[in-house]
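Taking it in order: structure first as structure tokens, then the write-up.
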Amino acid sequence: MPDCNSNCSACGEDCPSRTAPQSFIKEHHPDAIVRRVYGVVSGKGGVGKSMVTSQLAVLLRRRGYAVGIMDADVTGPSIPQAFGIHERAVGTENALLPCVSAGGVQIMSINVLLENENDPVIWRGPVIGGVVQQFWTDVIWDVDFLLVDMPPGTGDVSLNVFQQIPLDGIIVVTSPQDLVGMVVEKAVRMAERMEVPIVGVVENMSYAVCPDCGKKLFLFGEGKSKEAAKRHDLPLLAQMPIDPELTKLVDGGKIEDMKCDALESVANVLASR
Ligand code: ADP
């Protein structure tokens, strides 16, 4: 090979003298600055992966970091809505610029590229994989933290993202209604195979707070996520309540006004790594 430095594991070329598995990791755009990349994963849709991603972005931004969200949940993109972004992304000849929220969070999502944000995305896995890859290779990010709202589950599309984007770690989101043990187990196996560290587990919709007496009501049972995390030597980083105020903020595009501090401990961990 021309310019061969014999470092096969970091090379994407498929050549006969290969001695280590091929790396599918792509380079980000040459003009982009991305210091750390964290993926947020879940076992299935609807457990609050986008909610956790959005809140972490808000908390890190409030600490003064430059933060971006890559909405890789292409068939259920909800990040632009949460941040009140309804405009289209602007492109140059060879790059895309992320949209920027009122609070300064950089965002790229299929919804800011579609002609009509309400159009359904009915593409198959490989096309979706290509789009997510472009969110990495073609977008001029300028961030300390890039949070990737991963496609739900541990199937094809997530695997693609794991293979193409050099993640510094992943956060596993569970909910107590889930088969938590299995979700964590699958995420752990996938992360091990891809050699990406798991930062920890965040349990969403853990409890509701009684508006009259303030008591925490663990509607779906208590302790499942903690147990599952412990089994794999992972920290349970936070438990987030079901909070109707949060749903309202997301629906109104005002997540940046949130008062919820349930994920401060997770922001601490990310900021200290
Ligand atoms: P996912 O990304 O896992 O598909 P979302 O983050 O989009 O899930 O959450 C699904 C729905 O539940 C959204 O309408 C969201 O606003 C709401 N939601 C998620 N977490 C909470 C919470 N802790 N309290 C109230 N509503 C929530």
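Whatever order the structure lists ligands and atoms in, that order sets their numbers, starting from 1. Throughout, numbering of the chain's residues begins at 1 and tracks the sequence. The analysis underlying the following values was restricted to heavy atoms, covering all of them including side chains, and did not include hydrogens, waters or symmetry mates.
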- request: Answer with yes or no whether G46 contacts ligand 1, where contact means a heavy atom under 4.0 Å from a ligand atom.
  value: yes
- request: Using the test salt bridge (charged side-chain N to carboxylate O under 4.0 Å, His left out), find all partners of D71 that sit at least two apart in sequence or belong to another chain.
  value: none
- prompt: Taking 4.0 angstrom as the limit, do E245 and K254 come out as a salt bridge?
  reply: no
task: Just let me know how P241 lines up against ligand 1, side chain, backbone, both or neither, with a heavy-atom cut-off below 4.0 Å.
output: backbone
task: Kindly state each residue pair satisfying salt bridge (Lys or Arg N to Asp or Glu O under 4.0 Å) with at least one member in residues 187-214, sequence neighbours excluded.
output: E185-R189
message: Looking at every non-hydrogen atom in both residues, tell me the closest pair between V250 and Q81 and how far apart they are.
response: O-NE2, 3.4 Å
- request: Provide, to 0.1 Å, the distance between atom 9 (O) of ligand 1 and the closest protein heavy atom, together with that atom's residue and name.
  value: G48 CA, 3.8 Å
message: Checking a contact table here: which protein heavy atom is nearest atom 26 (N) of ligand 1, and how many Å away?
response: T247 OG1, 3.0 Å
query: Quick one: does Q106's side chain have a donor or acceptor within less than 3.5 Å of a partner on D142's backbone?
result: yes
field: Polar side-chain atom of K49 near backbone of V173 as donor-acceptor pair, under 3.5 Å
entry: no
For ligand 1, which is the ligand I care about here, please tell me if [X] has any N or O atom under 3.5 Å from one of the ligand's N or O atoms.
X    : result
D251 : no
D243 : yes
D149 : no

field: Atoms in ligand 1 with a heavy atom of I242 nearer than 4.0 Å
entry: 23 (N), 24 (N)
- line: Under 4.0 Å from one or more heavy atoms of G45, ligand 1 contributes atoms 4 (O)
message: Q239 vs S225, test: side-chain hydrogen bond (donor to acceptor under 3.5 Å, both in side chains). Steps then yes/no.
response: CA-CA 9 Å; Q239 287 184 296; S225 297; over 6 Å; no
message: If you take the nearest heavy atom of each of K49, K44, M51, which one is closest to atom 17 (C) of ligand 1?
response: M51
statement: Note: heavy atom closest to atom 20 (N) of ligand 1, options V47, V250, L249, N204, belongs to N204
query: Do N160 and Q164 have side-chain N/O donor and acceptor atoms under 3.5 Å apart?
result: yes
message: Among all the protein's heavy atoms, is there at least one whose distance to atom 13 (C) of ligand 1 comes out below 4.0 Å?
response: no
